[in-house]
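Atoms considered below: every heavy atom in the structure, side chains included; atoms not considered: hydrogens, waters and symmetry mates. Given the structure is predicted, the values throughout are model-derived calculations rather than measurements. By convention here, the first residue in the shown sequence is residue 1.
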Amino acid sequence: AQLQDLTAKLSTADVKAEVYGQNVKDYTDARDYGVAAAEELVDAAKAKLSSKTNLVPGYEAKELQARLNYERQKALLEKGIKSPKEVEKLKKDWDVAQAELESVLQDVEAAKKELSAKQNEREQKRSEAQTKIDYARAMQQDALGQAATSRKEMRDLEIYLAELQRLVIT
C-alpha cells in the first residue's frame, strides 16, 4: 500500500512537472509575442515623434520670416511709407505662424509622452509575463523535487522490502 501511494505521488509529480514545463514554454512564447507587439507600438511612436520633430524647423523658419516681415513693415509704417492695413495683415500672418509653431511644439510633446507610455507598457508586459514564467518554473522545480523525493522513498522502500524478503527466505 505504501509503495502504491509513492507510485501515485511520483506519477502526480511527473505530470505536474510536465505541465509546468509546458507552461514555462507557453508563457515564454506569449511573453515574446506580447513584447514584440508592444515593440511595434514603440517603433510607431518613435516614428511619430521623429515626424513631428522634423516639422519644427520649418515652422520655426516660417515664424521667423513672418516676424521679420512684420517688424520691417512696421518700421516702414512708422516712417509713413507703409499703410496700416498692410502692416495689420503681416501682424496677423505672424500671429498665425506663432500659433502653428506652438501647435507643432505641443504635438512634439504629446508624441514624447505617447512614446514614453508605449515604452512603459512594453516593460510592464515583459515584467508581468516574466513573473508568470518564473512562477511556472518554480512550480516545475518543486514538482521535480517532489518526484525525486518520491523516487528516493520508493527505492528505500524497495530495499527495505527486499531485505525483509531475504530475511524471510533465510
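Remark: of the listed residues Asp29, Thr28, Asn23, Asp29 is the sole one forming a side chain to side chain contact (heavy atoms under 4.5 Å, CB included) with Lys25.
A 4.5 Å side-chain heavy-atom check between Glu39 and Arg122 finds at least one atom pair inside the cut-off. Here the side chains of Glu109 and Leu105 are not in contact, with every heavy-atom distance at 4.5 Å or above.
Following chains of ILVMFWY side-chain contacts shorter than 4.5 Å, one cannot reach Leu144 starting from Val15, and the two form parts of different hydrophobic clusters. Cluster annotation: Val35 and Tyr27 are assigned to distinct hydrophobic clusters (Ile/Leu/Val/Met/Phe/Trp/Tyr, side-chain heavy-atom contacts under 4.5 Å, transitive). No single ILVMFWY cluster, assembled from side-chain heavy atoms under 4.5 Å apart, contains both Leu64 and Tyr70.
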Item to check | Stepwise side chain to side chain contact (heavy atoms under 4.5 Å, CB included) test for Val108 and Lys112 | outcome: CA-CA 6 Å; Val108 167; Lys112 285 179 183 177; 3.9 Å; yes
Next on the checklist: Pair Leu101, Lys62 - check side chain to side chain contact (heavy atoms under 4.5 Å, CB included), show working.
Outcome noted: CA-CA 8 Å; Leu101 176 58; Lys62 183 178 178 181; over 6 Å; no
Next on the checklist: Could you walk me through whether Asp93 and Leu90 satisfy the side chain to side chain contact (heavy atoms under 4.5 Å, CB included) test, starting with their C-alpha distance in whole Å, then the side-chain angles of each, then the deciding distance to 0.1 Å, before giving a yes or no?
Outcome noted: CA-CA 5 Å; Asp93 290 347; Leu90 292 172; 4.1 Å; yes
Item to check | side chain to side chain contact (heavy atoms under 4.5 Å, CB included) assessment of Lys46 paired with Gln119 | outcome: CA-CA 10 Å; Lys46 284 179 182 177; Gln119 289 170 329; 4.2 Å; yes
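The main-chain N or O of Ser50 is found under 3.5 Å from a side-chain atom of Asn54 such that the two form a donor-acceptor pair. A donor-acceptor pair under 3.5 Å links the side-chain atoms of Ser150 to the main chain of Gln146, judged by distance alone. In terms of modelled atom types and a separation under 3.5 Å, the side chain of Ser11 and the main chain of Thr7 share no donor-acceptor contact.
The shortest non-hydrogen separation linking Ala97 to Glu63 is CB-CA, 3.7 Å. For Leu77 against Pro84, the heavy-atom pair with the smallest separation is CD1-N, 3.6 Å.
Using a 3.5 Å distance cut-off with no hydrogens or angles, the side chains of Asp134 and Gln130 do pair a donor with an acceptor. With no hydrogens or angles considered, a side-chain donor-acceptor pair links Glu128 and Gln124 at under 3.5 Å. Inspection of the Gln73 and Asn69 side chains reveals no N or O donor paired with an N or O acceptor under 3.5 Å.
Salt bridge status for Lys9 with Asp5: absent, with no side-chain N to carboxylate O gap under 4.0 Å. Checked for salt-bridge contact, Glu158 and Arg155 miss the test: no charged N lies under 4.0 Å from a carboxylate O. We find that Lys85 and Glu88 are not joined by a salt bridge, their nearest charged nitrogen and carboxylate oxygen being 4.0 Å or further apart. Ion pair Asp14/Arg151 flagged as a salt bridge, since at least one NZ, NE, NH1 or NH2 atom sits closer than 4.0 Å to an Asp/Glu carboxylate oxygen.
Distance check: Leu49 CG to Ser116 OG gives 11.0 Å after rounding to the nearest 0.5 Å. Atom CD1 of residue Ile159 and atom CG of residue Leu164 lie 12.5 Å apart, to the nearest 0.5 angstrom. The distance from atom CG of Leu6 to atom CD of Gln2, rounded to the nearest 0.5 Å, is 6.0 Å. Atom CD of Glu18 is separated from atom CD of Gln140 by 10.0 Å, given to the nearest 0.5 angstrom. Considering CZ of Arg126 and OG1 of Thr131, their distance stands at 12.5 Å, rounded to 0.5 Å. Note: Asp107 CG to Leu55 CG = 8.0 Å, rounded to the nearest 0.5 Å.
Note: Tyr20 and Tyr135 have perpendicular aromatic rings, judged against thresholds of 30 and 60 degrees for the angle between ring planes.
Atom CD of Gln22 is surrounded by more than 12 heavy atoms from other residues, nucleotides or ligands within 6.0 Å. No more than 12 heavy atoms of other residues, nucleotides or ligands sit less than 6.0 Å from atom NZ of Lys132.
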